S.K.: 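Here it is, the structure in full.
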Amino acid sequence: MRLPGEPTLKLRGVTKIYGFGNIQVRAVDTVDLEAWQGEVVLIMGPSGSGKTTLITMAGALLRPSDGSIKIDGEEISNAPNKALTQIRRAKVGFIFQSFNLLQNLTVLENVLVPLSLAHVPSSLSIRKANGLLDAFDLSARASFSPARLSGGEKQRVSIARALANDPKLILADEPTANLDSRRGREVMRLLRGVAKNMGKTVVVVSHDERLKEIADRILWMEDGRFKETEILEYDPNCGTRVEKNTTTPQLVTLNKTYYFCSKDCKEEYEKRIAEGEEQKSPNYDRLGNRKF
Amino acid sequence: MISIALRNLLAERTRFAISVGGVAFSVMLILIILSLYQGWQIKATQYIRGIKADLWVTQPGSADITNSASFLPNTFIPELEKIEGVEKVHRFVGKPINFKIKGKEANAYIVGFDTSDPISGPQKIVQGKALPSDGEIIVDQVLAKNSKLEVGETVEIFGSSFQVVGIAEGANMFLFQFSFITLADAQQLFQTSEFSNFFLIETAEGQLEEVKKTINEISGVEALSAEEFVDRNRRSIDEVFLPIIAVLVFISVLVGTTVIGLTIYTATIEKAREFGVIKAIGGSNLQIYRIIFEQSLVSGVVGYILGVALTYLLLWLIPQQVPVFVTVTRHQDLVGVFILANTMSALASYIPVRRILSIDPAEVFRS
């Protein structure tokens with residue numbers, strides 16, 4: 001069980017080596033990572049950089065060659081297969097690039113599958129699944145087969161399924177890759193809501209630059225290692241994610257630096273400070289939660 | 001648990017139909033073979049069982065009525081009649097022969113019997129009269145139907161003409177059907193006035209074992225109880241047909257298992273990714289095995305029900321065209337074949353299960 005102040009996902013010195021002898025490949029090389037409750041961590045990097053291997057190990061689907069992986073405080077790196085199955089069932093929700101819905105089941109049944117695997121009583125399962133479909137605006141599609149859904153709807157079902165057993169950790173692999181711009185944004189918004197409103201830890205692996213907008217942290221992976229860690233800030237005026245770099249409009253006031261998506265936002269915020277509205281209470285905090 | 005198995009089966013109706021059809025035909029074949037075997041066993045000895053004798057006296061080593069000859073001089077009769085406990089001694093004269101009916105070859109086991117003492121005569125008459133006179137014959141209904149013989153027509157045996165005066169039931173031995181003529185005609189045809197093939201003994205109540213023991217002490221004869229004689233005749237059928245039946249049943253099981261196995265295997269492999277997803281999201285090996293086994297089992301049970309229905313339909317239809325096709329379907333065979341169908345299902349799911357359990361759930365991250 002996770003102790004207070006402990007991350008949901010904790011990787012220490014995690015290494016994955018494929019092959020043996022002279023043909024060894026270090027797909028993941030001594031990686032450390034912590035992902036906290038309510039946080040969206042985005043892992044980016046070129047193809048073959050080890051992102052998928054990392055997320056696979058983080059999801060208790062692959063054992064590391066070395067290092068320690070803890071999910072919700074539970075060490076999984078040397079756990080037996082049966083225990084890994086239990087951990088995946090109870091503590092991890094998966095969202096896949098190609099949705100991976102079971103084609104012969106309805107939308108409702110797809111969401112019911114994890115509950116069924118966890119032996120949740122039927123009436124409770126149906127109530128939970130319907131609640132999730134409602135939350136993701138899919139109630140009207142409950143009896144549809146996945147083939148009749150749009151890409152965005154399929155990914156919403158996939159998210160609902162990932163949340164069915166109320167896991168602490170959500171792992172998403174290229175969740176927007178097969179979606180157009182509008183549906184991609186919708187999924188991004190939902191993933192952020194999963195972290196911020198439901199308190200889940202969301203780790204996303206993606207090439208999609210748009211996902212930077214919803215990430216609290218961006219990790220760049222190359223040759224099996226994190227090269228740099230980039231922490232994003234929220235524009236306190238409009239809530240847009242912005243990178244902390246020298247080209248971003250900035251405002252330093254009362255020993256605190258604010259970053260803005262545009263000069264207009266910066267000027268508007270300055271104006272509001274001058275009017276005395278915002279100094280103590282910006283519209284958005286540094287995790288992007290809107291303040292009311 | 002949501003029935004993923006059932007959904008997968010119903011989504012692929014053609015494949016499901018092939019799978020069910022494979023089991024159904026396999027079940028049908030096995031049941032028909034077993035029914036035929038039972039039919040042979042029961043019907044082939046029906047006439048012998050119907051003869052109300054307590055003991056059959058044969059030439060020693062004579063195994064049964066058709067496959068080995070038994071010739072006993074009638075001089076034994078007074079000797080047998082003298083034994084304490086013997087109430088009556090009857091002669092049984094009969095011989096399997098080949099003759100012509102309407103120009104076509106036919107086989108029959110001709111029994112000559114004393115019409116004043118008709119212990120070995122026809123046991124049930126469905127048409128005509130029960131006791132022939134000299135120059136007359138009663139034929140079994142299967143022979144009559146096969147040869148399109150009617151009462152009033154004549155057949156020629158060893159140059160003598162016999163008029164058909166009756167049609168009997170229950171005298172079908174499959175390889176032969178019994179036909180009945182008078183003892184005098186039989187003695188003339190077979191030139192056996194001084195010989196009989198068997199003696200049929202009626203004993204006083206409670207004396208059977210003692211009489212049997214006494215007869216067996218006489219040189220040149222062997223006494224068998226009616227049950228023993230029926231068993232000997234049944235054994236000769238078993239020796240001929242059981243190995244054949246065993247091979248046919250084995251082939252049927254193999255065909256059924258292969259058909260279910262192949263259809264379930266291809267269905268499972270097509271869904272390999274989905275099974276990988278189920279593993280990834282927390283499905284245990286046992287849960288996945290259950291899904292695949294359930295698919296097999298449903299195919300097996302539905303196939304069994306269809307197979308039984310087809311069997312009964314065929315067992316009703318075929319004898320109308322092929323009278324010699326006599327079958328008896330026993331409840332224990334139905335239960336046995338049900339267990340067999342489910343065993344086939346379990347066997348058929350073994351290879352797909354092995355394949356699926358070897359799937360790495362991490363594969364689902366590779367699009």
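Each chain gets a letter, A, B and so on, in the order its sequence line appears, and its residues count up from 1. Keep in mind that this is a model prediction, so the values were computed, not measured.
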S.K.: Do other residues, nucleotides or ligands put more than 12 heavy atoms under 6.0 Å from A:Phe144 CZ?
M.R.: yes

S.K.: Check each atom of A:Gln103 against the heavy atoms of chain B and say whether the ones under 4.5 Å are side chain, backbone, both or neither.
M.R.: both

S.K.: Taking atom NE2 of B:His331 as the centre, report whether more than 12 heavy atoms of other residues, nucleotides or ligands fall under 6.0 Å from it.
M.R.: no

S.K.: Can you name the closest pair of heavy atoms from A:Thr85 and B:Gly282 and give their distance?
M.R.: CG2-O, 3.4 Å

S.K.: Ignoring hydrogens and angles, tell me if any N or O in the side chain of A:Arg88 forms a donor-acceptor pair with the backbone of B:Ala280 under 3.5 Å.
M.R.: yes

S.K.: If you define the side chain from C-beta out and look only at heavy atoms, does anything of B:Leu286 sit under 4.5 Å from A:Lys82?
M.R.: no

S.K.: Using a 4.5 Å cut-off on heavy atoms from C-beta on, say whether the side chain of B:Ile4 contacts that of A:Leu105.
M.R.: yes

S.K.: Nearest 0.5 Å, what's the CG-NZ distance between A:Leu84 and B:Lys279?
M.R.: 12.0 Å

S.K.: CG of B:Leu9 to CG of A:Asn104: how many Å apart, nearest 0.5 Å?
M.R.: 9.5 Å

S.K.: Where do A:Glu109 and B:Ser3 land on the side-chain contact (heavy atoms from CB on, under 4.5 Å) test, with the steps shown first?
M.R.: CA-CA 10 Å; A:Glu109 287 166 342; B:Ser3 182; over 6 Å; no

S.K.: Can you tell me which of A:Leu101, A:Asn100, A:Val205 forms the most heavy-atom pairs within a distance under 4.5 Å of chain B?
M.R.: A:Asn100

S.K.: Let's go through B:Gln287 and A:Arg89 carefully: what are the C-alpha distance in whole Å and the side-chain angles of both, what is the deciding distance for side chain to side chain donor-acceptor pair (under 3.5 Å) to 0.1 Å, and is it a yes or a no?
M.R.: CA-CA 13 Å; B:Gln287 285 168 323; A:Arg89 187 185 296 168; 3.2 Å; yes

S.K.: State whether the number of non-hydrogen atoms from other residues, nucleotides or ligands found under 6.0 Å of B:Tyr350 atom OH is greater than 12.
M.R.: no

S.K.: Do A:Ser145 and B:Arg7 come within less than 4.5 Å of each other through their side chains, counting heavy atoms only?
M.R.: no

S.K.: Look at atom CD1 of B:Ile351 and say whether more than 12 heavy atoms of other residues, nucleotides or ligands are closer to it than 6.0 Å.
M.R.: no

S.K.: So which heavy atom on A:Pro114 is nearest to which on B:Ile281, and how close?
M.R.: CG-CD1, 4.2 Å

S.K.: Above 12 or not: heavy atoms from other molecules or residues under 6.0 Å from CD of B:Gln321?
M.R.: no

S.K.: How long is the straight-line distance from CG of A:Leu102 back to CD of B:Glu274, given to the nearest 0.5 Å?
M.R.: 4.5 Å

S.K.: Please look at B:Ile278 and chain A and tell me whether the side chain, the backbone, both or neither of the residue comes under 4.5 angstrom of a heavy atom of that chain.
M.R.: both

